[in-house]
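We number each residue from 1, following the sequence as shown.
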Amino acid sequence: MESPNNVTLDRQTLYCVPVPAENEWVKQAYAENCQHQPTPSTSTQQSRVKRALEEDEVPPLASSESTMSEGGDAMETSKVSEAEKRTRTEGASSSSTQQGRPGGGVDLNFPLAGEKGPACLVKVYDTLDAFKVNEMVEFVGVLSVDPVLATFTHQNGSSSAVGEPDEVMDGIEEESAHSPPPSLVPRLHVILSQRLQHVNPLLPKNVTAPETKPFVDSVLQEAGVIRDQLRLLLQQLCLGDAFAADYLLLHLISCVYARRDVVALGKFGLNLSGCPAGPEFISLLSNQIKELVCKSHVFPLSLQNMNSSLISPKKDYSANRLKSGALQLTERTHLILDETAMEPGQLDATGVQNLTALGNLIAWQKVEYDFNFHKTDFPANVTVLVLSEGKSLLPSDCQVPIQPKTDAPNMAAIQNTIQQQITSGAIDIKKIRTFIGLIQLLEYTLSDDIQKIVEDDFVEARKADLNSMTQEDFHSLLVIARLLSLSTGQTSLTREVWERAKRMESARKVRLRTVAAAAVPRS
């Protein structure tokens, strides 16, 4: 114990949940790649998790606590009151009962409703300040599901279940939140941890490592072919509108790559207006996006959802924990907001706050955490797609009105056509998933020559008409040019791509003016 090599470490407990909004094809791919099933430790009996403690059993954890509370009397460690034994037995039985019920009556605090998977109390012993909220981390360690861990023992050595009624109720909500049944929320003592750059099972863990360069080069060589396949698929989802498909393609590969003060560089929130009324189109588009990207979530902006959902995280002081909100999403998650689900009615205070939170996420890529006495902004990196009939109530970086090629498109027929193209190999869905995941992680450069051309074009446009090229327009044009370059497999901007980006933006503004003029009633 007095060796100079001994080091005293602190321990911190993290509450971790499965990656929110992770799509089914990602989970299936990881399940197929990992066939190993964990086995219980040989140092403990396997039946220990499945039954209550026998009265002659004294758990090591309880013995250790008794020794500390009794002042180190060796004889007291072998004596436990009958009441305390019954409490441990009842606590373990209660844990087993909760395991058999859906959710076990325990709030697992998932950000999104309907999410499945195990939550875990992760105990780390070094680099305590290295983990950030909403980060994706892979942990390797010792898993513990001992039912005794759900029994609360106070400093006087008595269990919380045998005290006075007022004392038992006081703080029980906090105890339940911080020490849920291990059968539902196991404990993991971390040995190794690694931050995840992404969760795409088709990509190497670190795409910027030198050894992955041949893989990256092979994907970029096929970028043109893969892009054409993706564009064909998206054109059908946009009801034959190839122009809207081009912008949707750029949106799918966009993400925040840097921050300058309060500005999130790289974000490309898209508003597809002119969407057909009814749930069929929304379902077709969102379900197909789920098959392309690793993480996506659809949030209908109905009156009930806006007035009742917890969008931003909020501190619950009775349980002394942060209640997770729907915007607690990991980086590069695709959030689809269905504005066509709006109906007549009035937003209450919660609805207005939720609408403001969504607007701040789109405009500034930040989420406000409510601690009641103060609020704190945390950075986000969420790709937001707003689907609306007219111009959205929410802000966006780019609005593109959809112009269907047929008056009454058949959604079922479109879905069947896409499925046949995937089955026949005309559209390689696996390569598209690889392409989208890789493009978001590539480095992008702007040479001095191209930078000079871009600056000159901005100055000339401002001289011709101050209103034709605002700073916001110029920033959007730079983002579009960057995404166009990356989508064609180029990691630096060329003059040809820059001119193409300018033509696209000019055509989009013409379409917006045409749609606006058609919507004005004639006298």
Side-chain angles (χ1 to χ4, degrees), residues 15-31 98-122 133-136 176-177 180-181 183-186 196 199-201 278-314 316 319 321-343 350-351 353-355 357-358 361 367 369-370 380-387 415:
Y15 188 79
C16 299
V17 299
V19 177
E22 190 175 53
N23 289 323
E24 194 61 33
W25 69 267
V26 179
K27 298 177 182 179
Q28 291 178 355
Y30 278 114
Q98 288 178 336
Q99 185 180 12
R101 298 200 306 265
V106 176
D107 181 12
L108 297 181
N109 206 24
F110 288 161
L112 302 177
E115 289 282 302
K116 297 180 181 178
C120 192
L121 286 175
V122 176
V133 65
N134 299 337
E135 267 193 334
M136 297 182 293
S176 300
S183 56
L184 293 174
V185 184
L196 297 179
V199 292
N200 193 325
E280 293 82 8
F281 173 74
I282 306 298
S283 177
L284 171 68
L285 183 59
S286 61
N287 288 338
Q288 195 56 58
I289 289 179
K290 284 183 179 180
E291 296 299 320
L292 301 177
V293 301
C294 294
K295 296 168 292 181
S296 65
H297 177 65
V298 181
F299 187 79
L301 300 183
S302 63
L303 196 64
Q304 180 180 0
N305 279 349
M306 296 300 292
N307 288 339
S308 61
S309 300
L310 183 61
I311 296 290
S312 300
K314 186 175 183 179
D316 180 3
R321 74 168 179 180
L322 191 70
K323 295 181 67 176
S324 60
L327 296 186
Q328 269 191 284
L329 302 172
T330 59
E331 59 180 6
R332 290 183 290 277
T333 298
H334 292 258
L335 179 61
I336 303 172
L337 302 179
D338 178 14
E339 199 171 296
T340 65
M342 282 187 171
E343 61 256 349
T350 301
Q353 291 176 0
N354 287 338
L355 193 65
L358 291 172
L361 174 66
V367 177
Y369 285 50
D370 185 2
N381 186 0
V382 179
T383 306
V384 184
L385 173 64
V386 183
L387 305 176
Q415 178 62 44

Rounded distance [0.5 Å steps], [atom1] in [X] versus [atom2] in [Y]:
X: E135; Y: C16; atom1: CD; atom2: SG; value: 10.5 Å
X: I311; Y: L355; atom1: CD1; atom2: CG; value: 10.0 Å
X: N287; Y: Q415; atom1: CG; atom2: CD; value: 7.5 Å
X: D370; Y: D316; atom1: CG; atom2: CG; value: 11.5 Å
X: N305; Y: F299; atom1: CG; atom2: CZ; value: 4.5 Å
X: L108; Y: K116; atom1: CG; atom2: NZ; value: 13.0 Å

*Are any non-hydrogen side-chain atoms of L327 and L358 less than 4.5 angstrom apart?*
yes
_Worked check of side-chain contact (heavy atoms from CB on, under 4.5 Å) between R332 and T383_ = CA-CA 6 Å; R332 290 183 290 277; T383 306; 5.6 Å; no
If every non-hydrogen atom of [X] is compared with every non-hydrogen atom of [Y], which pair is closest and at what distance?
X: E343; Y: Q304; answer: OE2-N, 4.0 Å
X: Y369; Y: N134; answer: OH-ND2, 3.0 Å
X: P111; Y: P20; answer: CG-CG, 3.9 Å
X: S324; Y: L310; answer: O-CD2, 3.4 Å
X: F110; Y: G117; answer: CZ-O, 3.3 Å
X: K295; Y: E22; answer: CG-CA, 4.0 Å

_Evaluation steps, side-chain contact (heavy atoms from CB on, under 4.5 Å), between L112 and L329_ = CA-CA 9 Å; L112 302 177; L329 302 172; 4.1 Å; yes
Has [X] got a side-chain atom pairing as donor or acceptor with [Y]'s backbone, closer than 3.5 angstrom?
X: S302; Y: A341; result: no
X: T333; Y: V382; result: no
X: S283; Y: P279; result: no
X: Y15; Y: A119; result: no
X: D338; Y: I282; result: no
X: N23; Y: I289; result: no
X: W25; Y: V293; result: yes

*Between L361 and L335, is a side-chain contact (heavy atoms from CB on, under 4.5 Å) present by the stated rule, with each step listed?*
CA-CA 11 Å; L361 174 66; L335 179 61; 4.0 Å; yes
*Report the residues that fulfil salt bridge (Lys or Arg N to Asp or Glu O under 4.0 Å) with E115, sequence neighbours left out, ordered by chain and then residue number.*
none
*For E280, enumerate each residue passing the salt bridge (Lys or Arg N to Asp or Glu O under 4.0 Å) test, keeping only those at least two apart in sequence or located in another chain.*
none
_Stepwise side-chain contact (heavy atoms from CB on, under 4.5 Å) check, V17 with Q328_ = CA-CA 11 Å; V17 299; Q328 269 191 284; over 6 Å; no
*Would you find more than 12 non-hydrogen atoms of other residues, nucleotides or ligands less than 6.0 Å from K314 atom NZ?*
no
